[in-house]
Amino acid sequence: MKAMTWDNPKSSPNESPSPRPLSWIVVFLGVLALFLICASGILASYPVGSTVRQYFYGIDRSRFYDISVFPVHESSTDVSSNGSLDLVDNEPSSSDRKVAKTATELNSQELSSESASSEYTETSTDKVDSNLHAQSDLTSNSPLPVAGTISSNVTVNVTIEAPTSAALMNDPGTLITTSNDTSKSHPDSVSTAVPASFNESYSGSVNSGCNLFHGTWLHDSLGPLYRNDSCPVLTQMQNCQGNGRPDKDYENWRWKPFQCDIPRLDPRKFLEVMRGKTLAFIGDSVARNQMESMMCILWQVETPKNNGNRNMQRFYFKSTSVTIIRIWSSWLVKHSSEPFDYAPEGVDKLFLDIPDEKVMEFLPKFDVVVLSSGHWFAKQSVYVLNNEIVGGQLWWPDKSRPMKINNVEAFGISVETMFTALAMHPNFTGLAILRSYSPDHYEGGAWNTGGSCTGKVKPLGLGELVENGHTNAMYEQQVKGFNHASKKATNGSKLLFMDITEAFSYRHDGHPGPFRNKDPNKITVRGPDGKPPPQDCLHWCMPGPVDTWNEILFEMIKREFEGGNAS
């Protein structure tokens, strides 16, 4: 059959063997092979990939791979595990002592939970007063919702950059709405060391009209700005990877404002912008958390000299004469454990209308101060205003008469007192930044009543936040006190509000949880009865989300020192 004979090429009447198509195929393959060989040689000489990355991100990633990492010391101090939440600082680790000879004195200014008679006494355990966080309004443990806020710069003799609740913006002032800005990609980087050439390719400040505080968290495979083992000053309780936390994707999320991108923090650029200046972090152990984050970032390019003493931690960067300071101030106002009126000795008395004397003593020497507080207002204390006892937290002997001030209101008054003192200090003309209330993420109870953040491994998504009444109340009182203080400015200082509360309400994954110490036998999962292990859902892992605070801080500093549209 004809069809059958066509199946055989040799017997097909229409097909005859011809070498021509085969020869063309051979020629084509030869040309292709020659092209690939030439192209490989060209690419070896001119790495297009890194050139493209540099065009888009402002950095050539290929330059990172031969970078040596600074010598690191594995922290070996173990923190005893118990059911208490650490709101005080612990004794410096062995790695701290290797880094600085005076490390045994670095944290001595912090309060012990057992003895609050001296502002600069500390304990070597993570035990905290059993009354801490026990008030009834802390039983609401869900995260803060995305609050309806106004993005604004309020100018009342000073510049205030604060997206605040509309209900709190009734005070007169000039509202300046933010302008739209095209998004910029952040510079490329890696999670190990930072090269000397990093500063050359820095992408600069974002547009001054960009609201830094409203945005979303995006996954970033580039990872953090440092490793937990590349920072000798990292407190062990925040060293989540060093304490055995099995997951680490919480390190790989970046805060993305809706209107722009915040560049990855360039430590060399930071030191250059702050040349000759002093930055002070003032507050409680969460303020320490932020200070150590900044130190970990800067440590990647220069090892500072430790000039600390019993009154403050002090690190000096010789290349640019920059000093980073930390002062412990748990309430930001004067406090004493001495007897006062009918309040006995041993109970902390907070003089809500008197700023912390230690802060005021050193204030004129600071160019930038970052203040934060709030969580210690859950601790047992007595509130004194105009030399009169007006309230107390977990302390009120006369049940027959109501208190005039509760702990949330006392917090707002303390903020107003401290920032009024800053705004009216005759010898302070620097930049004062109030970091907003840092949300905790205890679910199912408070820190001492079974609250937990165990197993949280990624940020909450948009629309997943649940209202936390206590966080809302503390935030609103903080904003109120700050706004009132800003109107009293008589010096050349600037007061800015750094609003991280909303953004960090999404980050229930960023806390140490049960990974607070190196104990290999520590409990990290719920027991057979469902009881969660002892854990910390207040402080932040390092590296982790807390590093974003300092990226935002640097943007605010650049806007003031370099001008609004620096690039």
Side-chain angles (χ1 to χ4, degrees), residues 149-165 167-178 208 211-213 277-283 287 325 327 329 331-334 351-374 385-386 409-437 475-499 552-553 555-564:
T149 55
I150 296 177
S151 167
S152 62
N153 287 347
V154 183
T155 305
V156 190
N157 296 326
V158 293
T159 300
I160 306 172
E161 183 177 299
T164 59
S165 172
L168 297 175
M169 295 302 296
N170 295 327
D171 300 323
T174 303
L175 295 181
I176 306 174
T177 57
T178 59
S208 62
N211 187 317
L212 301 174
F213 312 119
K277 295 181 174 61
T278 297
L279 165 64
F281 293 91
I282 300 171
I325 284 174
I327 298 178
S329 182
W331 289 286
L332 300 182
V333 293
K334 176 183 177 180
F351 296 82
L352 298 177
D353 49 358
I354 303 175
D356 190 325
E357 298 102 324
K358 184 62 62 176
V359 176
M360 301 308 294
E361 175 185 350
F362 294 104
L363 184 65
K365 300 178 181 179
F366 303 150
D367 300 285
V368 180
V369 293
V370 180
L371 298 99
S372 55
S373 62
L385 190 62
N386 295 322
E409 294 166 330
F411 173 52
I413 295 172
S414 73
V415 171
E416 180 174 353
T417 294
M418 173 53 73
F419 274 82
T420 297
L422 292 174
M424 300 182 68
H425 196 293
N427 298 319
F428 177 69
T429 58
L431 177 62
I433 298 174
L434 174 61
R435 197 211 70 226
S436 69
Y437 188 74
Y475 172 83
E476 290 175 358
Q477 285 293 323
Q478 188 181 37
V479 173
K480 182 179 179 180
F482 178 82
N483 284 344
H484 287 170
S486 69
K487 299 175 183 179
K488 305 173 185 179
T490 58
N491 58 18
S493 64
K494 282 194 173 183
L495 311 183
L496 302 181
F497 189 82
M498 179 179 166
D499 192 349
I552 294 174
L553 171 63
E555 287 303 314
M556 297 175 72
I557 290 174
K558 284 187 294 185
R559 289 181 180 187
E560 298 305 319
F561 292 170
E562 293 187 333

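Along the sequence shown, residues carry numbers from 1.
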Review point. Nearest 0.5 Å, what's the NE2-NZ distance between H484 and K480?
Key: 5.5 Å

Check your understanding: With a 4.5 Å limit on heavy-atom distance, are the side chains of L553 and F281 in contact?
Key -> yes

Exercise for review: Measure the spacing between CD of E560 and NZ of K494 and express it to the nearest 0.5 Å.
Suggested key: 4.0 Å

Check your understanding: Who passes side-chain contact (heavy atoms from CB on, under 4.5 Å) against A485, sequence neighbours left out?
Key -> E416, F419, T420

**Study point:** Beyond-backbone contact of F366 with I327, side-chain heavy atoms, under 4.5 angstrom
**Key:** yes

**Study point:** Distance-only polar pair, side chains of S329 and D356, donor-acceptor under 3.5 Å
**Key:** yes

Practice item. Let me see the working for V369 and L363 under side chain to side chain contact (heavy atoms under 4.5 Å, CB included), right down to the final yes or no. Key: CA-CA 8 Å; V369 293; L363 184 65; 4.1 Å; yes

Exercise for review: Starting from the C-alpha separation in whole Å, work towards a yes-or-no answer on side chain to side chain contact (heavy atoms under 4.5 Å, CB included) for V359 and M418.
Suggested key: CA-CA 9 Å; V359 176; M418 173 53 73; 4.1 Å; yes

Review point. Going by the angle between their ring planes, with limits at 30° and 60°, are F497 and F482 parallel, tilted or perpendicular?
Key: tilted

Point to revise | T278 vs I325 side-chain heavy atoms within contact, under 4.5 Å | key: yes

Exercise for review: Mind checking the CG-CD1 spacing from L279 to I557? Nearest 0.5 Å is all I need.
Suggested key: 5.5 Å

Review point. Does the side chain to side chain contact (heavy atoms under 4.5 Å, CB included) test come out yes or no for I552 and F213, once each step is laid out?
Key: CA-CA 8 Å; I552 294 174; F213 312 119; 3.6 Å; yes

**Study point:** OG on S414 to CG on D353, rounded to 0.5 Å
**Key:** 11.5 Å

**Study point:** Side chain to side chain, V368 and K277, heavy atoms closer than 4.5 Å
**Key:** no

Exercise for review: Check for a donor-acceptor pair, side chain of Q478 on one end and backbone N or O of Y437 on the other, with a separation under 3.5 Å.
Suggested key: yes

Review point. Taking only residues two or more places apart in sequence, or in another chain, which ones meet S373 in a side-chain hydrogen bond (donor to acceptor under 3.5 Å, both in side chains)?
Key: none

Review point. Pairs in or reaching into residues 426-435: which pass side chain to side chain donor-acceptor pair (under 3.5 Å), with residues at least two apart or in two chains?
Key: S372-R435

Check your understanding: At what distance, to the nearest 0.5 angstrom, does OG1 of T417 lie from CG of L352?
Key -> 6.5 Å

Check your understanding: For the atom pair CG (L434) and CG (L422), what is the distance rounded to the nearest 0.5 Å?
Key -> 9.5 Å

Review point. Can you find a pair of side-chain heavy atoms, one from L371 and one from L332, that are under 4.5 Å apart?
Key: yes

